[in-house]
Amino acid sequence: GVLRGDTDISGAIAALDAQLILQGAVGLSLAGGLPGVPHGDADCSGTLQARDAQIVLNQVVGNPVSQFCAGKIQ
């Protein structure tokens, strides 16, 4: 499994992960060939979307995101 929302595969979810998700969502390749999906797929929809970045940022600031898969190993 992978930690959902941890786009840079650092072992923690941070604002940088949201930035990377947005890059992938608009079609830009991620630095170092990082995989956007499944790591950045914070809502488990199967694709990178701006919504995934929003979910990650909400998790970073401590807002509830338990209805999504962000922060879970899947």
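Counting from 1, the numbers follow the sequence of the chain as shown.
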For this session: Rounded to the nearest 0.5 Å, what's the gap from CD1 on Ile55 to CG on Asp17? Could you check?
Result: 13.5 Å

For this session: Answer yes or no: is there a side-chain heavy-atom contact under 4.5 Å between Asp6 and His39?
Result: no

Exercise. Do Leu20 and Leu16 have side chains that get closer than 4.5 Å, going by heavy atoms?
Worked result: yes

Problem set entry | Min side-chain heavy-atom separation Asp41-Thr47 under 4.5 Å | no

Exercise. Does any non-hydrogen side-chain atom of Gln23 lie less than 4.5 Å from one of Leu30?
Worked result: yes

For this session: State the CD1-CG distance between Ile21 and Asp52, to the nearest 0.5 angstrom.
Result: 5.5 Å

Exercise. So do Thr7 and Leu34 actually touch side chain to side chain, heavy atoms under 4.5 Å?
Worked result: no

Exercise. Distance-only, no hydrogens or angles: does the Lys72 side chain make a donor-acceptor pair with backbone N or O of Ala42 under 3.5 Å?
Worked result: no

Seminar exercise, completed: For Ala53 and Ala18 the tightest heavy-atom approach is CB-O, 3.6 Å

Problem set entry | 4.5 Å side-chain heavy-atom contact, Pro35 and Ile9 | yes

Exercise. Tell me the disulfide (SG to SG under 2.5 Å) pairs involving residues 18-51, sequence neighbours left out?
Worked result: Cys44-Cys69

Problem set entry | In one Ile/Leu/Val/Met/Phe/Trp/Tyr side-chain cluster, 4.5 Å: Val61, Leu22 | no

Exercise. With side chains defined as the heavy atoms from C-beta onward, is the minimum distance between Gln74 and Pro38 less than 4.5 Å?
Worked result: no

Exercise. Does Val37 reach the side chain of Leu48, with side-chain heavy atoms less than 4.5 Å apart?
Worked result: yes

Problem set entry | Distance in Å, Arg51 CZ paired with Phe68 CZ, rounded so as to fall on 0.5 Å steps | 4.5 Å

Exercise. When hydrophobic residues are tied together by side-chain contacts of less than 4.5 Å, even through go-betweens, does Val56 share a cluster with Ile73?
Worked result: yes

